[in-house]
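Have a look at the structure below before the remarks.
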Amino acid sequence: MKLELGVNREFSEPLLELKHVTKYYHGAAPALEDINFSVAEGEFISVIGPSGAGKSTLLRCINRMIEATSGEISFDGVLISKLKKRDLRKLRTRIGMIFQHYNLVDKLSVIENVLHGRLGYKSTLAGVMGRYSPEEKLQAMRIIDLLGLHDQVYKRCDQLSGGQKQRVGIARALIQDPKLILCDEPIASLDPNSAKIIMDHLRDVSAQMGITVIVNLHQVSVALKYSDRIIGVNQGKIVFDGSPSALTAEKIAEIYGSESNDLMVELGERYAI
Amino acid sequence: MKKIEEAILPVKPLTRESLTMWILLLVLSLLTIYALAAIDYTSVDMGKAMADTLNNFKTIFFHPAAHRLSLWDAFYEVLITMGLAFLTTLFGGVIAMLLGLLAAQNLAPKQVTNIIKGFVAFIRAVPSILWVLIFAVAAGLGSVAAVIGLTFHSVSYLTKAYSESFEELDRSVIEALMASGANWWQIIFQAVIPSSVSSLLSWTFMRFEINFANAVAMGAAAGAAGIGFDLFMDSGFYFDLREIGLVTYFIIAFAIVLETISTNLKSKILIKKA
Ligand SMILES: Nc1ncnc2c1ncn2[C@@H]1O[C@H](COP(=O)(O)OP(=O)(O)O)[C@@H](O)[C@H]1O
Ligand SMILES: [Mg+2]
């Protein structure tokens, strides 16, 4: 399975390509330095690294929620860095994003939050009035069902558990009909059970719908279990890029630096399985 | 040991501010005593004056009656005052809605919010009545000056209230919607306003209550018609104490109703924030 993907990657045009991407905030040290990688359609990629490594920055440069200082990013054959506001909006509709803290509108119902994912496709006026077509509503219901939220459709989001909120987050991304979903630490605030449910959904999204998924993760064990490919980041640089089986203890030590001792335990679990 | 500590640490340390306060109070008391002693009472019989005043109060509050105004007239005049309050709240609300969006830290750049917040804080610092008098210079004393002046103050009050209501929605939620391709106006109407609508309505009603009280005063002080103007005429021109009583009761009745609703709304907002 993974081998096949590897073969595919060589033949098909990459969905996403980053070339020499660099990001400076205010300080002298770059948050990202000369990032290069390309992503094939349908890949499930985990980005791991210690906190402050630049994982969130990397993800946000892809949909330009953060502007990279230099470098080129192309998505689906379009050079993102050059897009004007209106075209950028159009491009963002094809990239879903989910967050550690879900970032839902708490006072609105599940279905209302899910439908928000369609706003980007609408004219300003239609969006302002909240005019959603019957097909859009039907599709929202289908996706809500798919994520096992049928009993929560009209509940306000502040009455949901963390795991349910994150599933609403996934639903909101899916209704965008995205080619790529970016996930910034989607399970960092969840208990192990809910985390597993979320990761399983993300894997299904990738395997069954063919949507490319890039997940920032804190847990190496989760990355090993779910990913086709792992990218290790340390101090703004990619220090590992390969299949989970190639991620050796030395590599993990390199990615995590001094933090790595705790992680060896997790890695031990992998070999136990 | 404990005693020593208490001696060293008095419960209320005498700071510079409290010292200033005490000196000020002392000076004011001395001045008051001096003034009372120095006033020339010769032509006024204190006892009689007191008795007359109480008598007037008795007439006002225990024998209210309509002479010039019928009950219906009084009611109609209250409605006019309500109209003044409604109009100024409406104008103020619409303008404050726009300014509130630009003053909310999660919606606008920091420089813009700072400018607007500073501007409305300045307007708020000056009482409504003063704004009416300031606008009266250009518009003449009357309803126009009253409407403009009250609107002006309402804008500043509501801009602060609205922008704080808008800020209840976390910036990260707005960023999430931006990331999905939604634009600013769509986010305002689909996420920001739905999240804050109950606060917005409560604040608006509270301002309406304030504007009602102000509108009564405007009728009297700025000749802006309504029940306040009748109060002014009855007391200043007709010396009709019994009708003053009637009008006062009318105003109190309406004010109590508005105040009750407003207090309820306020406690709801506070509960939500806690
Ligand atoms: N808005 C910002 N302004 C300035 N520095 C930032 C900002 N966001 C992140 N950084 C810095 O950039 C580096 C990478 O941060 P981030 O991408 O959040 O890392 P990660 O997600 O891997 O924890 C950190 O050193 C962080 O302090
Ligand atoms: Mg992060």
Side-chain angles (χ1 to χ4, degrees), chain A residues 56 59-60 62-66 85-109 112-132 156-158 165 168-169 172-178 181-182 184, chain B residues 93-94 97-102 104-112 161-204 265 267-274:
Chain A
S56 299
L59 232 54
R60 282 169 170 74
I62 293 174
N63 60 3
R64 271 182 62 192
M65 291 308 291
I66 291 176
K85 207 170 163 189
R86 173 183 285 242
D87 294 323
L88 177 64
R89 227 190 117 199
K90 216 162 96 193
L91 177 120
R92 280 179 179 166
T93 59
R94 309 311 302 274
I95 304 178
M97 191 162 193
I98 69 175
F99 306 84
Q100 176 179 355
H101 299 295
Y102 329 118
N103 298 1
L104 307 172
V105 183
D106 274 341
K107 291 196 183 136
L108 294 182
S109 66
E112 285 170 307
N113 268 285
V114 173
L115 284 168
H116 279 165
R118 295 303 296 180
L119 288 174
Y121 285 100
K122 297 185 179 302
S123 70
T124 298
L125 188 66
V128 160
M129 311 276 286
R131 270 198 238 121
Y132 300 102
R156 265 169 55 148
C157 283
D158 50 11
K165 282 185 188 174
V168 177
R172 182 175 66 184
L174 283 181
I175 203 171
Q176 287 177 237
D177 191 17
I181 295 186
L182 307 170
D184 195 4
Chain B
V94 169
M97 201 73 173
L98 270 174
L99 288 179
L101 290 172
L102 295 174
Q105 270 163 7
N106 51 351
L107 301 174
K110 200 162 173 59
Q111 300 95 308
V112 178
Y162 288 175
S163 66
E164 280 167 12
S165 309
F166 294 145
E167 283 165 6
E168 282 170 31
L169 186 69
D170 207 76
R171 180 184 227 120
S172 59
V173 178
I174 293 163
E175 277 168 1
L177 294 175
M178 284 274 179
S180 74
N183 69 21
W184 199 76
W185 284 111
Q186 293 174 336
I187 293 171
I188 298 298
F189 279 89
Q190 290 300 311
V192 178
I193 293 180
S195 291
S196 48
V197 68
S198 62
S199 307
L200 296 180
L201 288 177
S202 303
W203 283 115
T204 309
L265 289 173
S267 60
K268 262 192 200 143
I269 289 186
L270 289 179
I271 286 170
K272 215 171 56 186
K273 278 203 174 149

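Reminder, nothing fancy here: chain letters follow the sequence lines and each chain counts from 1.
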Inset, instruction - Side chain from CB out, backbone as N, CA, C, O: work out which of these in A:Lys85 comes under 4.5 Å of a heavy atom of chain B, or both, or neither. - result: neither
Legend entry - Leading residue by heavy atom contact count with chain B [cutoff under 4.5 Å; candidates A:Leu104, A:Ile95, A:Leu91]: A:Leu104
Inset, instruction - Could you tell me which of B:Ala179, B:Ala182, B:Ala176 has the largest number of non-hydrogen atom pairs under 4.5 Å with chain A? - result: B:Ala179
Legend entry - Whether B:Glu175 side chain and A:Met65 backbone form a donor-acceptor pair below 3.5 Å: no
Inset, instruction - For the pair B:Gln186 (side chain) and A:Ser123 (backbone), establish whether a donor and an acceptor sit closer than 3.5 Å, ignoring hydrogens and angles. - result: yes
Legend entry - Pairwise distance CD(B:Gln190) to CE(A:Met129) - rounded to 0.5 angstrom: 10.0 Å
Inset, instruction - Please look at B:Asn183 and chain A and tell me whether the side chain, the backbone, both or neither of the residue comes under 4.5 angstrom of a heavy atom of that chain. - result: both
Legend entry - Nearest-0.5 Å distance, OH of residue A:Tyr121 to OG of residue B:Ser180: 9.5 Å
Legend entry - Residue, of A:Leu119, A:Val128, A:Asp106, that accumulates the most heavy atom pairs under 4.5 Å with chain B: A:Val128
Legend entry - Interatomic spacing from CE in B:Met178 to CG in A:Leu88 - rounded to 0.5 Å: 10.5 Å
Inset, instruction - Could you give me the CA-CA distance, side-chain angles and deciding distance for B:Leu169 and A:Val105, then say whether side chain to side chain contact (heavy atoms under 4.5 Å, CB included) is met? - result: CA-CA 8 Å; B:Leu169 186 69; A:Val105 183; 4.2 Å; yes
Legend entry - Residue A:Arg172 versus chain B: region with a heavy atom under 4.5 Å: side chain
Inset, instruction - Measure from the side-chain N and O atoms of A:Arg89 to the backbone N and O of B:Gly181, and report whether any donor-acceptor pair falls under 3.5 Å. - result: yes
Inset, instruction - From the options B:Trp185, B:Trp184, B:Phe189, select the one residue that forms a side-chain contact (heavy atoms from CB on, under 4.5 Å) with A:Thr124. - result: B:Trp185
Legend entry - A:Asn103 to B:Ser172 - nearest heavy-atom pair and separation: ND2-O, 3.2 Å
